[in-house]
K.L.:
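Submitted below is the structure of interest, expressed as structure tokens.
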There are 2 protein chains.
Amino acid sequence: MNSMIETILAHRSVRKFTPEKLSEKTIETLVEAAQMASTSSYIQAYSIIGIKEQSKKNKLAELAGNQPYVAENGHLFIFCADFHRHNIAGKQEGTEVIPAIESTEKMIVGITDASLAAQNCALAAESLGYGICYIGGLRNNIKTVSELLELPDHVIPLFGLCVGVPAAQTETKPRLPLEGVYFEDKYPDDSQHIAQLEKYNSIVSEYYNKRTAGNRNQRWTEQITGMLSSVKRAHMKQFLQEKGYGRH
Amino acid sequence: MNSMIETILAHRSVRKFTPEKLSEKTIETLVEAAQMASTSSYIQAYSIIGIKEQSKKNKLAELAGNQPYVAENGHLFIFCADFHRHNIAGKQEGTEVIPAIESTEKMIVGITDASLAAQNCALAAESLGYGICYIGGLRNNIKTVSELLELPDHVIPLFGLCVGVPAAQTETKPRLPLEGVYFEDKYPDDSQHIAQLEKYNSIVSEYYNKRTAGNRNQRWTEQITGMLSSVKRAHMKQFLQEKGYGRH
């Protein structure tokens with residue numbers, strides 16, 4: 001165990017921040033940390049938009065489903081998959097890159113690159129004592145978010161990352177048992193999943209029970225299947241294709 | 001600056017490892033670190049397959065385009081997007097989850113969740129002095145990889161992560177200028193990209209020139225557009241749909 005692993009294991013999402021803003025220097029450090037993540041064949045297929053205008057943060061908070069911490073935090077980063085600069089490079093070099101950029105393979109690359117960079121940013125922030133929270137809710141209204149940020153074709157906003165000084169203590173949330181997530185040499189039989197889900201349901205149920213003084217004791221499978229009982233963000237496929245992602 | 005940020009900024013891919021294997025305890029620590037990454041609405045939509053059988057590692061190395069370090073390392077993790085356990089949970093709870101699981105939105109969630117977890121794993125490994133290398137090449141033959149690992153529907157192998165004791169020194173590779181990746185409040189005009197690409201081309205060209213004693217001085221735009229001049233892994237869309245990803 002070392003301090004990095006301690007920081008990683010101590011992660012919890014923070015949804016209430018003090019008004020203290022991140023300094024320019026800190027923002028720069030966090031972006032530099034993001035940039036040093038691995039990237040598929042050196043492609044660097046992402047961009048990061050930092051939001052400073054308070055009116056824009058308020059609008060994004062509303063678009064993300066009225067999450068106040070999207071408006072009130074030390075800094076808000078929006079991570080985007082981005083092949084627009086590669087398209088510019090293609091024009092400069094006289095090379096047709098659109099068929100490659102618009103492939104499903106490159107969609108995977110863009111989402112992966114942006115996510116690896118974001119996690120570096122998140123951990124760098126946490127190592128400095130800040131709290132963080134990812135905001136997938138931006139995808140509720142991804143087209144409006146995209147317009148608000150003036151994103152061209154081949155750029156899609158994937159998620160936000162709120163960073164700030166925590167104003168409230170939160171707890172780490174228990175993850176699936178290791179044996180439910182990590183397997184060796186091949187994928188396990190369903191019986192292994194079923195045993196691990198049973199074990200995990202007790203853990204999660206106890207966690208909620210304790211945290212809510214007995215008012216909630218949901219099992220994980222209950223919570224998650226409830227969430228998966230309807231299709232959310234059904235606009236996603238069309239939006240991606242309009243922006244030039246995963247066309248073929 | 002602290003030791004975590006120092007580790008993040010010192011990242012370089014390692015492609016030659018000593019034969020030393022990771023201990024069970026270290027593998028467990030790295031998986032626990034992976035699991036503590038943020039996950040969309042607590043969904044934990046990924047699995048990790050650790051490969052111990054040498055014959056399987058050899059086969060994966062071949063499938064990834066004959067990359068020897070996929071066979072020879074301290075440990076090989078394969079990160080998969082995974083909604084299979086959610087499907088099992090749906091059956092247990094009597095809830096129909098397939099339409100949600102097979103949406104494009106959940107494909108984004110699976111890729112993002114797996115990537116955030118992988119980056120925690122990678123950084124935890126680097127903090128312990130190991131070197132790492134991501135292996136996107138597994139997607140060259142994703143269907144065969146998937147069969148080799150016996151992955152059911154709703155599980156797709158995204159990339160590998162080789163971890164081990166470095167057997168050769170490598171250098172950090174210069175990233176895009178910060179001003180080419182990080183923007184405030186809105187996406188920039190093309191002129192900003194063009195200026196940053198020009199600046200970056202000099203940096204990359206000088207980096208290659210120095211590293212190869214003058215034998216290579218490729219610009220970044222040249223290298224990347226060369227790579228993007230043809231469609232790679234054109235099977236990806238069909239494979240994803242067959243496995244139940246992004247069907248609608």
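In the text below, chain A, chain B and the rest are named by the order of the sequence lines, each starting its count at 1.
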K.L.:
Can you confirm whether A:Gln241 is buried at CD, in the sense that more than 12 heavy atoms of other residues, nucleotides or ligands lie under 6.0 Å from that atom?
P.N.:
yes
K.L.:
Taking every heavy-atom pair that is under 4.5 Å apart, which of B:Leu148, B:Leu176, B:Leu30, B:Val109 has the most such pairs with chain A?
P.N.:
B:Leu176
K.L.:
If I take atom CG from residue A:Asn120 and atom CD1 from residue B:Ile5, how far apart are they, to the nearest 0.5 angstrom?
P.N.:
10.0 Å
K.L.:
Using a cut-off of under 4.5 Å for heavy-atom pairs, which of A:Ile49, A:Ile132, A:Leu149, A:Val231 has the most such pairs with chain B?
P.N.:
A:Ile49
K.L.:
Start with the C-alpha distance between B:Val204 and B:Gln218, add both sets of side-chain angles, then the distance that settles side chain to side chain contact (heavy atoms under 4.5 Å, CB included), and finish with yes or no.
P.N.:
CA-CA 7 Å; B:Val204 170; B:Gln218 226 176 4; 5.9 Å; no
K.L.:
Under the criterion salt bridge (charged side-chain N to carboxylate O under 4.0 Å, His left out), I'd like the reasoning laid out for B:Glu184 against A:Lys52: C-alpha separation, chi angles, the key distance, then a yes or no.
P.N.:
CA-CA 7 Å; B:Glu184 280 185 348; A:Lys52 289 222 163 139; 3.3 Å; yes
K.L.:
Which residue is it: A:Arg219, A:Glu222, A:Gln196? I am looking for the one with a side-chain contact (heavy atoms from CB on, under 4.5 Å) to A:Asn201.
P.N.:
A:Arg219
K.L.:
For B:Gln35, which atoms come within 4.5 Å of any heavy atom of chain A: side chain, backbone, both, or neither?
P.N.:
both
K.L.:
Sort out for me which of B:Ser127, B:Ala100, B:Gly90, B:Ala118 touches chain A most, counting heavy-atom pairs under 4.5 Å.
P.N.:
B:Ser127
K.L.:
Is a side-chain donor or acceptor of A:Trp220 paired with a backbone partner of B:Tyr42 at a separation under 3.5 angstrom?
P.N.:
yes
K.L.:
Under the 3.5 angstrom rule, does the side chain of A:Glu126 hit a backbone N or O of A:Ile8 as a donor-acceptor pair?
P.N.:
no
K.L.:
Strictly distance-based, threshold 3.5 Å: is any side-chain N or O of A:Arg85 a donor or acceptor partner for the main-chain N or O of B:Gly180?
P.N.:
yes
K.L.:
Between B:Leu123 and chain A, which part of the residue has a heavy atom less than 4.5 Å away: side chain, backbone, both or neither?
P.N.:
both
K.L.:
Is it the side chain or the backbone of B:Ser229 that comes within 4.5 Å of chain A heavy atoms, both, or neither?
P.N.:
both
K.L.:
Against chain A, label B:Glu6 side chain, backbone, both or neither, depending on which of its atoms sit under 4.5 Å from a heavy atom there.
P.N.:
neither
K.L.:
With a 4.5 angstrom heavy-atom cut-off, could you sort out which part of A:Leu116 is near chain B: side chain, backbone, both or neither?
P.N.:
both
K.L.:
Quick check on the interface: out of A:Leu9, A:Ile78, A:Ile51, A:Thr7, who has the most heavy-atom pairs with chain B under 4.5 Å?
P.N.:
A:Leu9
K.L.:
When only pairs under 4.5 Å are counted, which of B:Pro152, B:Ser230, B:Cys133 shares the most heavy-atom pairs with chain A?
P.N.:
B:Pro152
K.L.:
Please assess A:His11 against B:Ser38 for the test side chain to side chain contact (heavy atoms under 4.5 Å, CB included), listing each intermediate value before the final yes or no.
P.N.:
CA-CA 8 Å; A:His11 165 73; B:Ser38 294; 3.1 Å; yes
K.L.:
Between B:Ser47 and chain A, with a heavy-atom cut-off of 4.5 Å, which part of the residue counts as in contact: side chain, backbone, both or neither?
P.N.:
both
K.L.:
Between A:Lys173, A:Lys56, A:Gln92, A:Lys232, which has the largest tally of heavy atom pairs under 4.5 Å with chain B?
P.N.:
A:Lys173
K.L.:
Pick whichever of B:Ser103, B:Cys80, B:Ala33 has the most heavy-atom pairs under 4.5 Å with chain A.
P.N.:
B:Ala33
K.L.:
Shorter than 4.5 Å, heavy atoms on both sides: which option in B:Phe183, B:Phe239, B:Phe83 has the most such pairs with chain A?
P.N.:
B:Phe183
K.L.:
Looking at A:Val155, A:Ile142, A:Leu151, which one forms a side-chain contact (heavy atoms from CB on, under 4.5 Å) with A:Lys243?
P.N.:
A:Leu151
K.L.:
Can you say whether A:Glu198 sits under 4.5 Å from chain B via the side chain, the backbone, both, or neither, judging by heavy atoms?
P.N.:
neither
K.L.:
Do the side chain of A:Thr39 and the main chain of A:Gln44 share a donor and acceptor less than 3.5 angstrom apart?
P.N.:
yes
K.L.:
Is a donor on one side and an acceptor on the other found under 3.5 Å between the side chain of A:Arg233 and the backbone of B:Thr104?
P.N.:
no
K.L.:
Considering only heavy atoms, which portion of A:Asp113 lies under 4.5 Å from any heavy atom of chain B: side chain, backbone, both, or neither?
P.N.:
neither
K.L.:
Is B:Thr29 in contact with chain A via its backbone, its side chain, both, or neither, using a 4.5 Å heavy-atom distance?
P.N.:
side chain
K.L.:
Could you give me the CA-CA distance, side-chain angles and deciding distance for B:Val31 and B:Phe77, then say whether side chain to side chain contact (heavy atoms under 4.5 Å, CB included) is met?
P.N.:
CA-CA 9 Å; B:Val31 174; B:Phe77 297 98; 4.0 Å; yes
K.L.:
When you measure from the side chain of B:Asp82 to the backbone N and O of B:His84, does any donor-acceptor pair fall under 3.5 Å?
P.N.:
yes
K.L.:
By a 4.5 Å heavy-atom criterion (distance strictly below it), what part of B:Tyr134 contacts chain A: side chain, backbone, both, or neither?
P.N.:
side chain
K.L.:
So which of A:Glu96, A:Lys57, A:His86, A:Glu28 has the biggest tally of heavy-atom pairs under 4.5 Å with chain B?
P.N.:
A:His86
K.L.:
Between B:Tyr200 and chain A, which part of the residue has a heavy atom less than 4.5 Å away: side chain, backbone, both or neither?
P.N.:
side chain
K.L.:
Tell me, side chain or backbone of B:Asn2 under 4.5 Å from chain A's heavy atoms, or both, or neither?
P.N.:
side chain
K.L.:
Looking at chain A, which one of B:Ala81, B:Ala37, B:Pro99, B:Ala34 has the largest number of heavy-atom pairs inside 4.5 Å, strictly under?
P.N.:
B:Ala37
K.L.:
For this output row, return yes or no: ring centroids of A:His193 and A:Tyr187 closer than 6.0 angstrom.
P.N.:
yes
K.L.:
Considering only heavy atoms and a distance below 4.5 Å, find which of A:Leu158, A:Thr172, A:Leu128 pairs most often with chain B.
P.N.:
A:Leu128
K.L.:
For chain B, which of A:Val181, A:Ile98, A:Ile224, A:Thr221 has the most heavy-atom pairs under 4.5 Å?
P.N.:
A:Val181
K.L.:
Which atoms of B:Pro177 come close to chain A, meaning under 4.5 Å heavy atom to heavy atom: side chain ones, backbone ones, both, or neither?
P.N.:
backbone
K.L.:
Is B:His235 in contact with chain A via its backbone, its side chain, both, or neither, using a 4.5 Å heavy-atom distance?
P.N.:
neither
K.L.:
The test is side chain to side chain contact (heavy atoms under 4.5 Å, CB included); show your working for A:Phe159 and A:Ile135 and say whether it passes.
P.N.:
CA-CA 5 Å; A:Phe159 45 76; A:Ile135 309 296; 5.7 Å; no
K.L.:
Sort B:Tyr46 into side chain, backbone, both or neither according to what part of it lies under 4.5 angstrom from a heavy atom of chain A.
P.N.:
both
K.L.:
Please look at B:Pro174 and chain A and tell me whether the side chain, the backbone, both or neither of the residue comes under 4.5 angstrom of a heavy atom of that chain.
P.N.:
both
K.L.:
Ignoring hydrogens, what is the shortest heavy-atom contact between A:Gly50 and A:His75? Give both atom names and the distance.
P.N.:
CA-NE2, 3.6 Å
K.L.:
Is B:Leu240 close to chain A through its backbone or its side chain, or both, or neither, when contacts mean heavy atoms under 4.5 Å?
P.N.:
side chain
